[in-house]
Undergrad: 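Sharing a structure below in structure tokens format, with a few things to ask.
Here is how names work: the chains are called A, B, and so on, in the same order as the sequence lines, proteins then strands, and each is numbered from 1. Note that these values count all heavy atoms, side chains included, but never hydrogens, waters or copies made by symmetry.
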Amino acid sequence: MARELTEQEEVRREALQKLQELGVRPYGYSWDVTHHAADILEDFDDTQHAADDGAEPAERMEVALAGRIMSRRIMGKASFLHLQDESGQIQVYVRRDDLPEDYYNTVFKKLLDIGDIIGVRGFAFRTRMGEISVHAEELELLAKALRPLPVEKETEGRVFNEVTDKEFRYRQRYVDLIVHSDVRHIFRQRARIISGMRQFLDERGYVEVETPVLQPIYGGAAARPFKTQHNALGMPLFLRIADELYLKRLIVGGFDGVYEISKDFRNEGLSRYHNPEFTMMELYVAYRDYEWMMSFVEEMVESLAVLLHGKPEVSIGETTISLARPWRRVPLFDAIAEKTGHDLRGRDRDELASVAKGLGLEIDDTMGSGKIIDEVFGEFVEPHLIEPVFITDYPVELSPLAKRHRTKEGLVERFEAIVNGKELCNAFSELNDPVDQRSRFEDQVALGSRGDSEAMQLDEDYLRALEYGMPPAAGLGVGMDRLTMLLTGQNSIRDVILFPLLKPEAPTDQTPDGP
RNA sequence: GAUCCCGUAGCUCAGUUGGCAGAGCAUCUGACUUUUAAUCAGAGGGUCCCUGGUUCGAGCCCAGGCGGGAUCACCA
């Protein structure tokens, strides 16, 4: 079991022991922080606070801060280090004669390392080289690091020895966050997106609710679930793949607008767009339809972009995309005709199959007409839609929970917003006819018995709820991870999820089963 | 699940035709009281992802496996 320690780990453990022998507490309890690094850099005033050697400044800027030692330059009886806290980094100047007897020589120089967390009290000044720094008058170890931190060096914007190994960074995200300020920034932006959206919804009076993660019948999306087991009840349960059916029960119950921001779980492959657990926002609003919802989505997404960037624009790699309202609204069949030259409206299943084959797609007998249309769209249209656009009016067989279109036969009132070639959200006028809903479920069950592992289950309780009467409603689902990717310009979902799922590092002999 | 690429010191990487395992940073020892990729002098540090094979000899060649990345498939 005992792992062999590296030389540097041995050295740090010996340092820990020596600290304890010297009576120096290696793990502190608290430190009164008065300033963060960024505050000092911002508030420092040369006319008030600057002073060269010895000369007293007009007014001392007294500061107390805490953070991690990121670099050290020891020059005999004085040293410089960079301290990093949540706000950024600042240089600290440490002089032997300003610290207690022997502390500098026996503790600071010998027993502290890059990666240790310390508290510093002193005053701000500007060095001869022009860098605003903190002259330490008190220094205390708050946490001894027993592992060496991957050390990066930087000059004039160039970074050396940067940790680049993706696996290292995902597995040891804590280290990734320490050494990459841009990664910290992305996750702060993610938090702002989620809180910004919550505020947007709350301001409009929608009620945030919580619905079950563990469900006896899963539904609301086409996906395979994770299955688990409740021991005391002796019953199988599924982790939710969507919140939809529970939220609409609440619309039946008399809430006129409810939303939930939560994890959904889908038992499918991993890719740069898919993590098995991901964050979804679903919203349902009574007495509204999908036209209204399109305007709502435009306003929400535009406002989130402005919140993050100060303007309704995002940059992804080389491209800049405007998210300003209004967005184009294009019926699905028009979008397909635009890109492929084929009008698929009113074609039967075999005609659709031959068109798709003519375009070079592989079509097999299990694929229904809806699926074929979806394939054509996904292959030839979606990737080319860079500026935001609402694609509307989908085939009914692709959308078992959406309401039939009020004028277009065979279609439902559904839209997806596509940005940068990817779906950003999915929404529809909700089906509130319990008789139609039952027959749609039955179609799904039939698909399931033909081997479609993603077909929905028939949910009797949901039908019972609809039979009491659900007001007309508009529903929306937004993948928060993909929204974050878009708004922060990331091209892998793993870069917007703090701890993305990875295979285990090494075979473990622990049983994954609970007690 | 398929294909391609990758896996060498704490980190970033080199490693010739198959011939004693290398560099920079980090670490250790010493010098240095405003440095900043600090500098100068010296030292230590390796399961070359794992298992097997070929060979006198494998980091390098071959087979299988593990992990990661990218693309595809599946999938929103």
Side-chain angles (χ1 to χ4, degrees), chain A residues 3-12 14-15 51-54 70-82 89 91-99 104 109-110 113-115 125-133 135 145-172 175 179 221-224 241-242 264 266-276 278 280 362 371 374-375 377-379 382 398 416-418 422-426 453-454 477-479 481-482 491-494 500 502-507:
Chain A
R3 182 176 58 89
E4 203 167 322
L5 297 179
T6 66
E7 181 196 24
Q8 294 189 48
E9 288 175 304
E10 295 281 11
V11 166
R12 283 160 183 257
E14 285 164 18
D52 270 331
D53 303 283
M70 299 303 287
S71 67
R72 272 201 319 170
R73 293 174 291 285
I74 295 176
M75 304 170 322
K77 299 180 183 65
S79 297
F80 288 91
L81 58 90
H82 271 97
Q89 291 193 4
Q91 180 169 262
V92 175
Y93 176 56
V94 183
R95 221 160 52 167
R96 184 193 67 184
D97 298 342
D98 296 330
L99 295 182
Y104 181 84
K109 265 170 69 175
K110 300 285 183 190
D113 291 289
I114 290 170
F125 73 112
R126 191 183 287 277
T127 65
R128 255 175 225 162
M129 300 301 286
E131 182 165 347
I132 295 168
S133 307
H135 187 132
L146 296 182
R147 287 175 185 259
L149 197 63
V151 177
E152 298 180 2
K153 295 218 166 187
E154 191 216 317
T155 187
E156 287 159 18
R158 290 194 302 158
V159 178
F160 301 81
N161 298 324
E162 183 184 15
V163 180
T164 52
D165 179 32
K166 289 274 191 184
E167 183 178 2
F168 184 111
R169 296 175 59 183
Y170 296 143
R171 287 196 195 283
Q172 301 188 46
V175 177
V179 300
R224 281 182 288 167
I241 58 173
D264 286 351
R266 298 186 185 176
N267 209 336
E268 53 193 36
L270 288 71
S271 79
R272 70 195 182 95
Y273 296 106
H274 300 86
N275 195 62
F278 60 100
M280 182 79 109
E362 284 188 24
K371 178 73 179 162
D374 197 42
E375 285 290 313
F377 177 76
E379 187 68 25
E382 191 177 35
L398 285 177
E416 293 188 358
I418 312 290
K422 276 283 159 188
E423 176 200 341
L424 185 64
C425 66
N426 183 18
S453 58
E454 291 168 356
V478 181
D481 312 277
R482 291 184 183 178
N491 56 27
S492 172
I493 200 167
R494 295 191 185 98
L502 299 176
K503 291 190 189 179
E505 280 179 79

Undergrad: Can you give me the closest heavy-atom contact between A/A223 and A/R266, atom names plus distance?
TA: CB-CD, 3.5 Å

Undergrad: Quick check: any donor-acceptor pair below 3.5 Å linking the side-chain of A/N161 to the base of B/G24?
TA: yes

Undergrad: Does any donor atom in the side chain of A/R147 or A/Q172 lie under 3.5 Å from an acceptor atom in the other side chain?
TA: no

Undergrad: Side-chain donor or acceptor of A/T127 under 3.5 Å from a matching atom on the base of B/U35?
TA: yes

Undergrad: Looking across every strand, which nucleic acid part, if any, lies under 4.0 Å from A/I74 by heavy atom: base, sugar-phosphate, or nothing?
TA: base

Undergrad: Check if the side chain of A/Q91 and the base of B/U35 share a donor-acceptor pair of N or O atoms closer than 3.5 Å.
TA: yes

Undergrad: For a quick test of reading the model, state the closest non-hydrogen atom pair linking A/I241 to A/D264 and the distance between them.
TA: O-OD2, 3.4 Å

Undergrad: So, under a plain 3.5 Å distance rule, would you say the side chain of A/R73 forms a donor-acceptor pair with the base of B/U35?
TA: yes

Undergrad: When we call it a touch if two heavy atoms are under 4.0 Å apart, what does A/R12 touch: a base, just sugar-phosphate, or nothing?
TA: nothing

Undergrad: Looking for any heavy atom pair under 4.0 Å, which part of the strands does A/T164 touch: base, sugar-phosphate only, or nothing?
TA: sugar-phosphate

Undergrad: Contact class for A/R266 vs. all strands (heavy atom < 4.0 Å): base, sugar-phosphate, or nothing?
TA: sugar-phosphate

Undergrad: With a 4.0 Å cut-off on heavy atoms, is A/A221 in touch with a base, just the backbone sugar-phosphate, or nothing at all?
TA: nothing

Undergrad: Ignoring the backbone of A/V151, work out which of B/G67, B/A26, B/C28 is nearest its side chain.
TA: B/A26

Undergrad: Indicate whether the side chain of A/Y273 and that of A/S492 have a donor and an acceptor atom separated by less than 3.5 Å.
TA: no

Undergrad: Side-chain N or O of A/K153 versus OP1/OP2 of B/A37: is the shortest distance under 4.0 Å?
TA: no

Undergrad: Classify the nucleic acid contact of A/F168 as base, sugar-phosphate or nothing, counting any heavy atom under 4.0 Å across all strands shown.
TA: sugar-phosphate

Undergrad: So, are A/R158 and A/E154 salt-bridged, with charged N and O less than 4.0 Å apart?
TA: no

Undergrad: Which of the following nucleotides, B/U34, B/G69, B/U12, is nearest to the side chain of A/M75?
TA: B/U34

Undergrad: Consider the side chain of A/I114, meaning its heavy atoms from C-beta on, and name the nucleotide among B/A26, B/U33, B/G69 that approaches it most closely.
TA: B/A26

Undergrad: Determine: side-chain N/O of A/K371 to OP1/OP2 of B/C75, distance under 4.0 Å, yes or no.
TA: yes

Undergrad: Counting only Watson-Crick pairs (N1-N3 plus N6-O4 or O6-N4) and G-U wobbles (N1-O2, O6-N3), all under 3.5 Å, who is the partner of B/G18?
TA: none

Undergrad: Pick the closest RNA chain B nucleotide for A/P150 and for A/G269 by heavy atoms, then say which residue is nearer the 5' end.
TA: A/P150

Undergrad: Output the single nucleotide from B/U12, B/U34, B/U33 whose closest atom is nearest the side chain of A/K77.
TA: B/U33

Undergrad: Check whether any side-chain nitrogen or oxygen of A/R126 sits under 4.0 Å from OP1 or OP2 of B/U34, and answer yes or no.
TA: no

Undergrad: Is any side-chain N or O of A/K503 closer than 4.0 Å to OP1 or OP2 of B/G67?
TA: yes

Undergrad: Checking contacts here: which listed nucleotide (B/U12, B/G67, B/G10) is nearest the side-chain heavy atoms of A/P148?
TA: B/G10

Undergrad: What is the nucleic acid contact for A/D98, judged by heavy atoms within less than 4.0 Å: base, sugar-phosphate only, or nothing?
TA: nothing

Undergrad: Check if the side chain of A/E162 and the base of B/U12 share a donor-acceptor pair of N or O atoms closer than 3.5 Å.
TA: no

Undergrad: Using Watson-Crick or G-U wobble geometry with both distances under 3.5 Å, which nucleotide pairs with B/U27?
TA: B/A43

Undergrad: Counting the atoms with a prime plus P, OP1 and OP2 as sugar-phosphate, which does A/E131 contact under 4.0 Å by heavy atoms, base, sugar-phosphate, or nothing?
TA: base

Undergrad: Reckon A/K110 touches a base, only the sugar-phosphate, or nothing at all at heavy-atom distances under 4.0 Å?
TA: sugar-phosphate

Undergrad: Which comes earlier along RNA chain B counting from the 5' end, the contact point of A/E7 or that of A/E154, where each point is its nearest nucleotide?
TA: A/E154

Undergrad: For A/R73, look at atom CZ and say whether over 12 heavy atoms of other residues, nucleotides or ligands are found less than 6.0 Å away.
TA: yes

Undergrad: Under 4.0 Å, heavy atoms only, any strand: does A/R169 hit a base, just the sugar-phosphate, or nothing?
TA: nothing

Undergrad: Of the options B/G68, B/U36, B/C75, whose atoms approach the side-chain atoms of A/L502 most closely?
TA: B/G68

Undergrad: Considering Watson-Crick and G-U wobble pairs with both distances under 3.5 Å, what does B/A2 pair with?
TA: B/U71

Undergrad: Can a donor-acceptor pair be found between the side chains of A/E131 and A/H82 at a distance below 3.5 Å?
TA: yes

Undergrad: Please check the phosphate of B/G69 (OP1 and OP2 only) for any side-chain N or O of A/R494 closer than 4.0 Å.
TA: yes

Undergrad: Just call it for A/Q8: base, sugar-phosphate, or nothing, with non-hydrogen atoms closer than 4.0 Å on any strand.
TA: base

Undergrad: Quick check on B/A38: is either OP1 or OP2 less than 4.0 Å from any side-chain nitrogen or oxygen of A/R72?
TA: no

Undergrad: Rounded to whole angstroms, how far apart are CZ on A/R158 and P on B/A37?
TA: 11 Å

Undergrad: Please pick, from B/A37, B/G68, B/U33, the nucleotide with the shortest atom-to-atom distance to any side-chain atom of A/F160.
TA: B/A37

Undergrad: Need the pair for B/U35. Rule: Watson-Crick or G-U wobble, both distances under 3.5 Å, any strand; none if unpaired.
TA: none

Undergrad: Any non-hydrogen side-chain atom of A/M280 less than 4.5 Å from a side-chain atom of A/V478?
TA: no

Undergrad: Pick the C1' atom in B/G7 and in B/U51, then give their distance to the nearest Å.
TA: 16 Å

